[in-house]
Amino acid sequence: MPTILGQNQYGKAENRVVKITRDGATHHIKDLNVSIALSGDMEEVHYSGSNANVLPTDTTKNTVFAFAKEYGIESAEQFGIHLARHFVTSQEPIHRARIRIEEYAWERIETSDANSKFIGADDVKHSFVRKGQEIRLTQITYDGEKWEVISGLKDLVVMNSTNSEFWGYVKDKYTTLQEAYDRILATQVAGRWRFNWTDDAQKMPNWEKSYEQVKKHMLHAFAETYSLSLQQTMYQMGSRIINNRSEIDEVRFSLPNKHHFLVDLEPFGLKNDNEVYFAADRPYGLIEATILRDGCEARIPVDMTNL
């Protein structure tokens, strides 16, 4: 045979599931986008077309919805763990399951006071507005023995309007950028962090609390670092997470520098005292790095495009 089969996987991508939990009149929402990839003894379906070892992708879709009812959605991580364990342990040909989940957050709409002629604020606990801050992410991989959980977020836009500089850099004949001693520092955070929970015998992290705390430490580091470069700020963000969250061994960031350039107002007889900027969307500097707990190895892919 002139060719052989290499790595392969299959599953149902982007299953949108919304779970409403009704606690009396108070409702709670979990809104997930779940993608499933399964691999194992799948050679024959590629070589001969035999589907004897193939669990239909439609079945994996149905499992997502059934599990939302059966187990609920405590967290994206916990839901992914339920799914991965099910596929690997219930189907002998499947040796490895990878579950990727995006979570879209909602928050309650603040309503008018209880004296309104409409439903009072105390009675409205079922209305929500979609949060626009970030999309929460997780990837769960299970091979029947070991777990790997990588969580994160994307599209979190942050800005410091001062306490940022950029100077002392290499200059050659093509350099036109002026040194900045007071600039805007803005970026759109894409971050992933890897948990050191890998075995069912270990105590499982509190996934919801962990996410909240990681985001808090990340934002505190961004706000509290007097920045001489985006690289310095990024390292502080990762270090703050690892130093404060013992369940995490590795953090990777991809941070585009959302440039803000001072507009020249001199032609109009106006002085621009760090007040008016042009926000450029492209091209942009792209700063990326992995921050590790000492003694740990990097496992998060360098290219996070498809993670």
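For this chain, numbers begin at 1 and follow the sequence in order.
Judged by distance alone, the side chain of Asn15 and the main-chain N or O of Val34 form a donor-acceptor pair under 3.5 Å. The backbone N or O of Thr198 lies less than 3.5 Å from no partner atom in the side chain of Glu148, so there is not a single donor-acceptor pair. Arg293 places a side-chain N or O within 3.5 Å of a backbone atom of Ile242 that can act as its donor or acceptor partner. The closest donor-acceptor contact from the side chain of Thr59 to the backbone of Leu55 lies at 3.5 Å or more, if one exists at all. Using modelled atom types, no side-chain atom of His95 and backbone atom of Leu38 make a donor-acceptor pair closer than 3.5 Å. At distances below 3.5 Å, at least one donor-acceptor pair connects side-chain atoms of Arg252 with backbone N or O atoms of Val302. Although no hydrogens or angles enter the test, the distance criterion places no donor-acceptor pair under 3.5 Å between the side chain of Asn62 and the main chain of Phe65. With hydrogens and angles ignored, the 3.5 Å screen pairs a side-chain donor or acceptor of Asn196 with a backbone N or O of Ser246. Side-chain N or O atoms of Glu250 include one that pairs as donor or acceptor with a backbone N or O of Ile300 at under 3.5 Å. Although no hydrogens or angles enter the test, the distance criterion places no donor-acceptor pair under 3.5 Å between the side chain of Asn8 and the main chain of Leu5.
Using a cut-off of 4.0 Å between Lys/Arg side-chain N and Asp/Glu carboxylate O, Glu266 and Lys271 are scored as not salt-bridged. Between Glu102 and Lys154 there is a salt bridge, since at least one side-chain N of the basic residue sits less than 4.0 Å from a carboxylate O of the acidic one. The existence of a salt bridge linking Glu212 and Arg136 is excluded, since no basic side-chain nitrogen approaches an acidic carboxylate oxygen closer than 4.0 Å. Using a 4.0 Å cut-off between charged side-chain N and carboxylate O, Asp200 and Arg85 make a salt bridge. We find that Arg16 and Asp31 are joined by a salt bridge, their nearest charged nitrogen and carboxylate oxygen being less than 4.0 Å apart. Contact check on Lys171 versus Glu179 returns a salt bridge, with a Lys/Arg side-chain nitrogen under 4.0 Å from an Asp/Glu carboxylate oxygen. In summary, Lys61 and Asp58 engage in a salt bridge, as defined by a charged side-chain N under 4.0 Å from a carboxylate O. Using a 4.0 Å cut-off between charged side-chain N and carboxylate O, Glu208 and Lys30 make a salt bridge.
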Practice task
Verify side chain to side chain contact (heavy atoms under 4.5 Å, CB included) between Thr138 and Val149, making sure each step is shown before the conclusion.
Solution key: CA-CA 7 Å; Thr138 192; Val149 180; 4.0 Å; yes

Exercise for the section: Begin from the C-alpha positions of Glu288 and Ser254 and carry the test side-chain hydrogen bond (donor to acceptor under 3.5 Å, both in side chains) through to its verdict. Expected result: CA-CA 4 Å; Glu288 300 177 305; Ser254 179; 2.8 Å; yes

Practice task
Evaluate the criterion side-chain hydrogen bond (donor to acceptor under 3.5 Å, both in side chains) for residue pair Thr26 and Asp23; output intermediate values, then yes/no.
Solution key: CA-CA 5 Å; Thr26 303; Asp23 181 13; 5.6 Å; no

Exercise for the section: Tell me, with the steps shown, if Asn160 and Ser227 meet side chain to side chain contact (heavy atoms under 4.5 Å, CB included). Expected result: CA-CA 9 Å; Asn160 283 330; Ser227 179; 5.9 Å; no

Problem - Verdict with reasoning, Arg245 to Val214, per side chain to side chain contact (heavy atoms under 4.5 Å, CB included) - result: CA-CA 7 Å; Arg245 301 308 305 173; Val214 167; 4.0 Å; yes

Handout entry: salt bridge (Lys or Arg N to Asp or Glu O under 4.0 Å) between Arg240 and Glu224, intermediate numbers included
Key = CA-CA 11 Å; Arg240 186 83 67 99; Glu224 295 169 6; 3.1 Å; yes

Practice task
Kindly determine whether Leu228 and Phe166 satisfy side chain to side chain contact (heavy atoms under 4.5 Å, CB included), including the steps that lead there.
Solution key: CA-CA 5 Å; Leu228 300 177; Phe166 188 61; over 6 Å; no

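A pairwise comparison of heavy atoms in Ile101 and Ala76 identifies CD1-O, 3.3 Å as the closest pair. Heavy-atom minimum distance, Leu230 versus Leu255: CD2-O, 3.9 Å. Taking every heavy atom of both residues into account, Trp167 and Ala180 meet most closely at CD1-O, 3.7 Å. The two atoms that bring Phe87 and Ala97 nearest to each other are CB-CB, 4.4 Å, heavy atoms only. A pairwise comparison of heavy atoms in Ile73 and Ala68 identifies CD1-CB, 4.3 Å as the closest pair. In plain terms, the two heavy atoms of Met42 and His46 that are nearest each other are O-ND1, 2.8 Å.
Side chains of Ser151 and Glu77: a donor-acceptor N/O pair is present below 3.5 angstrom, by distance only. Donor-acceptor pairing under 3.5 Å is recorded for the side chains of Ser210 and Glu247. For the 3.5 Å distance criterion, the side chains of Arg183 and Ser164 qualify, holding a donor opposite an acceptor.
Put simply, the side chain of Asn53 does not reach to within 4.5 Å of the side chain of Gln91, judged on heavy atoms. Put simply, the side chain of Phe222 reaches to within 4.5 Å of the side chain of Thr187, judged on heavy atoms. Using a 4.5 Å cut-off on side-chain heavy atoms (C-beta onward), Arg192 and Met304 make contact. The closest side-chain heavy-atom distance from Leu153 to Trp193 is below 4.5 Å. Side-chain contact between Phe253 and Ile241 is present, with at least one heavy-atom pair separated by less than 4.5 Å. Inter-residue side-chain proximity for Ser35 and Lys12 is flagged as unmet; no heavy-atom pair is nearer than 4.5 Å. Residues Val189 and Met237 are in side-chain contact: their nearest non-hydrogen atoms beyond the backbone lie under 4.5 Å apart. Two residues are said to be in side-chain contact when any heavy atoms from C-beta on lie closer than 4.5 Å; Asp143 and Val88 fail this criterion.
Remark: Asn163 engages Tyr226 in a side chain to side chain contact (heavy atoms under 4.5 Å, CB included) (not counting sequence neighbours).
Relative orientation of the Tyr142 and Trp147 rings is parallel, given thresholds of 30° and 60° on the angle between their planes. Note on ring orientation: taking the six-membered ring where Trp is involved, the planes of Trp197 and Trp207 are perpendicular (angle over 60°, cut-offs 30° and 60°). Below 30°, between 30° and 60°, or above 60°: for His220 and His217 the angle between ring planes is above 60°, a perpendicular geometry.
Residue-environment remark: CD (Gln78) exceeds the threshold of 12 foreign heavy atoms within 6.0 Å. Counting heavy-atom neighbours within 6.0 Å of Glu14 CD, excluding the residue itself, gives a total of 12 or less. Heavy-atom neighbours of Asp172 CG from other residues, nucleotides or ligands within 6.0 Å: above the threshold of 12.
In summary, the aromatic rings of Phe67 and His86 are positioned with their centroids under 6.0 Å apart.
Val129 and Tyr104 are not part of a single hydrophobic cluster, where members link through side-chain heavy atoms under 4.5 Å apart.
How far CG of Leu156 is from CG of Leu219: 5.5 Å, rounded to the nearest 0.5 Å. Atom OG1 of residue Thr63 and atom NE2 of residue His82 lie 13.5 Å apart, to the nearest 0.5 angstrom.
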